[in-house]
Enquirer: 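Okay, here's the structure, questions in a sec.
Just so it is clear: chains get the letters A, B, ... in the order the sequence lines come, proteins before strands, and each one is counted from 1.
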Amino acid sequence: MKRLSIVASAFVALALAAPARAQGPGSGGDPVKGKVVYERYCLSCHGELGNGAGEFAEWITTKPRDYRQGTFKWRSTPSGSLPTDADLDKTIRDGIYGTFMPTWYAIGEHNRRDVIAYIKTFSARWKTDKPQPSIVIPAEPPYSDASVKRGRAVYEKSNCAQCHGQDALGDGPSAHELKDDWGNPIVPYDLTQGHIKCGDTGSDIYRVFITGLNGTPMPSFTDSISPEEAWDLVHYIQSLSALYPKNYGPAAAK
Amino acid sequence: MRKVLSTALSAALLSVLSAVGSAYEVITVTNGGTVQGVVKLVGQAPTVPPIKTTKNQDYCGNSIDNPLYVVGKDGGLKNVEVFLKGIEKGKANPTATITLLNTHCMFDPRVQGSSTGQQIKIASDDPILHNTHPQNNDTNATIYNIALPFKGFSVTKPLPATPELIRVKCDAHEWMRAWIWEFDHPYYATTDADGHFEIKDVPPGTYTVVAWHEVMGQKDASATVAAGKPVTVDFSFTPKK
């Protein structure tokens, strides 16, 4: 019995001491190593204190993320939640189209994992809170003209035009006085310009209006748009851009 | 073995709790006292120009009265949150769902109190898109941001797990503002149109009573509550010229 308890305490001690080992992309990194990565690649924009006020920040729009609040735009998790490690890894790996955030594919998964662990030290929220489960995205139905048309109806019913405008040019009536959580001016995305900031796949676009973009005016439509409607809306948004391969397909040809 | 582990665990838990701060303790309150009073605005309320609406004027109109200073009978000031600061024990928190309505391009109510564990129903009466975007007033951190795209839409969400002062905005209509005080206890009230407030079932003892107004800030007073009796605590706010 005594031996058993010693073994058990050893296990408990180990479980408490060892950092969680990698569960997936971005998880289980070492913040000490991550600090070195951060200082090499991230500090000039995101700042020594992780406050988004690095040397170059003044000259940049969209402003670099301030890590101190634990607020992140691109997530697979519901509105208000922290992102998952995989979400952070995706942002760092792919970069953010149209902003100064480049792709960090080249630094490799290990460095990204470590820098994610370090970024989390800037906000106490990572100690007291944890990400809610990722939303479930159902399989994409086929892209079709009918789906695009239904998607336009969802766009109208959901009043997306209030910010994004009738023609999705980012020029709706509320477009001009929007601010982010830090008080910086922010504009609704022009959905016709080609690439979408958060990624171009159907599920990337689906995720944006279901989860919303924390820290920005973009709210979550999870309670007002059904999954079927959401896919139609994705197809409508894709139909606005000539860059989507889908737009060269049969549906576009008709 | 099991005992040792559970003792160790509860010790760990206790240390976590004490690090966070003493939690509110629910006790049976019989024959509690009442803290009541009036909050007044001294002198003339500052003239605040009406809100000029900049979008959806066809529905919202061109201007809306600015509700920063709502003064009623004898200078009574509406929308002041009055609460017992740091009260450690007393009756259980309410469990009813609170409501925040988007109506006529404004939030209603402007100011309200709530307790941890309550939920909030966010609803819209307006045939235009609103979004309800509560933020922590100190850090600006987004709590969540919910689209209310059409008339009659509503959604019920939990309040944050820890008490905080919540500032609510609608990004689509930047003039809209609401305040939700969230406490870990049930001892608070929002002043009515005549500036009255009443906080009931308070266990006897001496408390710090705080009155908070969105523009004029905070004032506090001490009140000693005796069993079964009301104690009157009045506040007056003098607006800056």
Enquirer: Please say whether more than 12 non-hydrogen atoms of neighbouring residues, nucleotides or ligands are located less than 6.0 Å from CG in B:D65.
Expert: no
Enquirer: Are any non-hydrogen side-chain atoms of A:Q69 and B:N140 less than 4.5 angstrom apart?
Expert: no
Enquirer: Within a radius of less than 6.0 Å around NE2 of A:H176, do more than 12 heavy atoms belonging to other residues, nucleotides or ligands occur?
Expert: yes
Enquirer: Between B:L148, B:N136, B:I146, who has the most heavy-atom pairs with chain A when the cutoff is under 4.5 Å?
Expert: B:I146
Enquirer: Output the distance between atom CG (B:L129) and atom NZ (A:K157), rounded to the nearest 0.5 Å.
Expert: 12.5 Å
Enquirer: Mind ranking B:V155, B:D171, B:N145 by heavy-atom pairs under 4.5 Å with chain A and telling me who comes out on top?
Expert: B:N145
Enquirer: Please assess B:K55 against A:E177 for the test salt bridge (Lys or Arg N to Asp or Glu O under 4.0 Å), listing each intermediate value before the final yes or no.
Expert: CA-CA 10 Å; B:K55 54 220 50 154; A:E177 281 156 288; 3.1 Å; yes
Enquirer: Show the nearest heavy-atom pair for residues B:P149 and A:S158, with the distance to one decimal.
Expert: CB-O, 3.2 Å
Enquirer: Looking at A:E156, I want to see if its CD is surrounded by more than 12 non-hydrogen atoms of other residues, nucleotides or ligands under 6.0 Å.
Expert: yes
Enquirer: Sort out for me which of A:T222, A:T216, A:L213 touches chain B most, counting heavy-atom pairs under 4.5 Å.
Expert: A:T216
Enquirer: If I take atom CG from residue A:D223 and atom NZ from residue B:K157, how far apart are they, to the nearest 0.5 angstrom?
Expert: 5.5 Å
Enquirer: Which distance, rounded to the nearest 0.5 Å, do you find between the OG of A:S174 and the CD1 of B:I128?
Expert: 8.0 Å
Enquirer: Is there a donor-acceptor contact under 3.5 Å linking the side chains of A:D181 and B:T142?
Expert: yes
Enquirer: Could you check which of A:S81, A:G172, A:S220, A:G183 has the highest count of heavy-atom pairs closer than 4.5 Å to chain B?
Expert: A:S220
Enquirer: Go through the atoms of A:T128 and report whether side chain, backbone, both or neither lie under 4.5 Å from a heavy atom of chain B.
Expert: neither
Enquirer: Once you round to the nearest 0.5 Å, how far does CE of A:M218 lie from NE2 of B:H133?
Expert: 12.5 Å
Enquirer: If I measure from the heavy atoms of chain B, does A:T71 come under 4.5 Å with its side chain, its backbone, both, or neither?
Expert: side chain
Enquirer: Are there over 12 heavy-atom neighbours, none belonging to B:Q44, within less than 6.0 Å of that residue's CD?
Expert: no
Enquirer: Top residue by heavy-atom pair count (under 4.5 Å) with chain B, among A:G80, A:G70, A:A175, A:G215?
Expert: A:G80
Enquirer: Given A:N214 and B:Y144, is the side chain to side chain contact (heavy atoms under 4.5 Å, CB included) satisfied, shown in steps?
Expert: CA-CA 7 Å; A:N214 287 354; B:Y144 34 73; over 6 Å; no
Enquirer: Quick one: do A:Q162 and B:N56 satisfy side-chain hydrogen bond (donor to acceptor under 3.5 Å, both in side chains)? Show the steps, please.
Expert: CA-CA 9 Å; A:Q162 181 73 31; B:N56 298 110; 2.6 Å; yes
